[in-house]
2 protein chains.
Amino acid sequence: MTHMTSDTDARPLADVFAADCPSRRILTHVSSRWGGLALIALRPGSLRFSELKRRIGGISERMLAQTLQQLEADGLIARRDHGEVPPRVDYRLTPAGQEIAARYFELAGWIERNLPDLLAGARPPVA
Amino acid sequence: MTHMTSDTDARPLADVFAADCPSRRILTHVSSRWGGLALIALRPGSLRFSELKRRIGGISERMLAQTLQQLEADGLIARRDHGEVPPRVDYRLTPAGQEIAARYFELAGWIERNLPDLLAGARPPVA
DNA sequence: CGGGATACTTACAAATATGTTTGTTCTTCC
DNA sequence: GGAAGAACAAACATATTTGTAAGTATCCCG
């Protein structure tokens, strides 16, 4: 395993500017309408399909299923089928998913916390 | 001005789960196909329209204009028209834009740096 | 004078994302 | 015996996003 570069590395992100870089695909999934919400929802712990559906207000079953499949294919969440009947399946973040969820959470969290200032068009008092 | 809650506050983000929360709109713009890239591109400093277009490979003029207008309306970037002819306009991040760009940059950066591990489906060694 | 650059805008068309409805296969509850 | 819940899949319709091509006004360059 290669060592991970530091999180504060500030290289210009050359690749992500390239239209055909695979990182774009993952970034797209993560920041799709439901992808990020699903990741955030799973941060506290694993959830079942129906629990996720109830928690992420407004999502349809089709979208939830599709979103979960994408994130699973990207290796960000893990699906566990208990093989019972009636069906019982739950989802949880993989280690990579936790890393990404944490970062998306910071983004969403900052926006939410500073929403009043943003809506007012006022420049929030940057630290 | 209200005081800002700390950046490491880990509340569950109740609002963002609500379909009609305004934070969704901003989050959508930021994480739209081009929004985040534009923010990242502007991190080093202001750029003109055509410079942005060249830097963000693959973007059309239409999309760039639209993206910039959204981000401007959200108060994340500032547009300055030099009033010259031929036109000369440049864009730069507002303080709020810098905050958000920094967080999006961390997300995109982490993905890009750990891309090999992600593509391999291997769980990266989380710190 | 023709050509190119600048920063867009406005149709129009295609691609993608999302939603709705129905169905499946069992089980438990009333 | 219905009825409801579980975790989806498939078909179909629509909405939203994105792209393409062309046009606008003005200037400078050769």
Side-chain angles (χ1 to χ4, degrees), chain A residues 16-22 24-39 41-42 46-74 77-92, chain B residues 16-22 24-39 41-42 46-74 77-92:
Chain A
V16 106
F17 285 120
D20 56 339
C21 178
R24 276 266 189 99
R25 202 194 51 137
I26 295 178
L27 195 52
T28 296
H29 291 165
V30 170
S31 62
S32 71
R33 175 154 185 191
W34 305 111
L37 280 306
L39 291 177
L42 287 173
S46 71
L47 290 175
R48 301 180 60 174
F49 186 89
S50 52
E51 290 171 327
L52 276 166
K53 187 188 161 197
R54 277 189 291 268
R55 173 160 306 203
I56 305 176
I59 195 171
S60 66
E61 294 194 346
R62 184 192 181 314
M63 275 302 106
L64 179 55
Q66 196 174 100
T67 301
L68 291 173
Q69 284 168 4
Q70 285 178 343
L71 295 176
E72 194 197 357
D74 291 338
I77 66 177
R79 183 191 124 108
R80 181 173 43 173
D81 188 337
H82 294 245
E84 299 174 5
V85 70
R88 175 182 180 78
V89 179
D90 52 38
Y91 298 87
R92 58 182 164 165
Chain B
V16 107
F17 286 120
D20 57 339
C21 179
R24 278 267 188 98
R25 201 195 51 139
I26 296 178
L27 196 52
T28 296
H29 290 165
V30 171
S31 62
S32 71
R33 177 156 185 190
W34 305 112
L37 280 307
L39 290 178
L42 287 173
S46 70
L47 290 175
R48 300 180 59 175
F49 186 88
S50 54
E51 290 171 327
L52 277 165
K53 188 189 161 194
R54 277 189 291 269
R55 174 160 306 204
I56 305 176
I59 195 171
S60 67
E61 295 195 345
R62 184 194 186 298
M63 275 302 105
L64 179 55
Q66 196 173 102
T67 300
L68 292 173
Q69 285 167 3
Q70 285 179 342
L71 295 176
E72 194 197 357
D74 292 337
I77 66 177
R79 181 191 123 109
R80 181 172 44 174
D81 187 339
H82 293 246
E84 298 173 5
V85 69
R88 176 182 179 77
V89 178
D90 52 37
Y91 298 87
R92 58 182 164 166

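In what follows, chains are A, B, ... by sequence order, proteins preceding strands, each numbered from 1. Bear in mind the structure is a predicted one, so any value in this text is a computation, not a measurement.
Each of A/Pro86 and A/Arg79 was matched to the nucleotide of DNA chain D holding its nearest heavy atom; the match closer to the 5' end belongs to A/Pro86. Residue B/Glu51 is the one, among B/Glu51 and A/Glu61, whose nearest nucleotide of DNA chain C lies closer to the 5' end (criterion: closest heavy atom).
Side-chain proximity of B/Ala65 to the nucleotides D/dG19, C/dT9, D/dC8 is greatest for C/dT9. Side-chain proximity of B/Pro87 to the nucleotides C/dC8, C/dT18, C/dA7 is greatest for C/dA7. When distances run from any side-chain atom of B/Ser50 to the nucleotides C/dA7, D/dA6, D/dT18, the shortest one goes to C/dA7. Ranking D/dT18, C/dC8, D/dA9 by closeness to the B/Met63 side chain, first place goes to D/dT18. Side chain of B/Arg48, nearest nucleotide from D/dT18, D/dA7, C/dT6: C/dT6.
For the pair A/Leu37 CG and C/dA17 P, the computed distance is 17 Å after rounding to whole Å. The nearest whole Å value for the distance from the CD atom in B/Glu84 to the P atom in D/dC28 is 11 Å. Rounded to whole angstrom, the span from the NE2 atom of B/His82 across to the P atom of D/dC27 amounts to 18 Å. Taking atom CG of residue B/Leu52 and atom P of nucleotide C/dA5, one finds them 18 Å apart after rounding to whole Å. Look at CD on A/Gln66: it is 19 Å from P on D/dA7, rounded to the nearest Å. Across the protein-nucleic acid pair, A/Leu68 atom CG and C/dT18 atom P stand 13 Å apart, rounded to whole Å. A/Leu64 places its CG atom 10 Å from the C1' atom of D/dA7, with the value rounded to the nearest Å. For the pair B/Asp81 CG and C/dA7 P, the computed distance is 10 Å after rounding to whole Å.
By the 4.0 Å N-to-carboxylate-O rule, B/Asp90 lies too far from B/Arg88 to be salt-bridged with it.
Shown here for B/Leu42 and B/Tyr91, the closest heavy-atom pair between the two residues is CD2-O, 3.4 Å. Here the shortest heavy-atom pairing between B/Ala38 and B/Thr67 reads CB-CG2, 4.4 Å. For the pair A/Gly83 and A/Asp81, the tightest heavy-atom approach, listed with the atom from each and the gap, is N-OD1, 2.7 Å.
Contact check, A/Ser60 against C/dT18: no side-chain N or O comes under 4.0 Å of OP1 or OP2. Between B/Arg33 and the phosphate of C/dA17, there is no side-chain N or O to OP1/OP2 separation shorter than 4.0 Å.
Using a 4.0 Å heavy-atom cutoff across all strands shown, A/Gln69 reaches sugar-phosphate atoms only and no base atom.
Checked by atom type and distance alone, the side chain of A/Arg24 pairs as donor or acceptor with a backbone atom of A/Val16 at under 3.5 Å.
Within 3.5 Å, a donor on the side chain of A/Arg62 pairs with an acceptor on the base of C/dT18, or the reverse.
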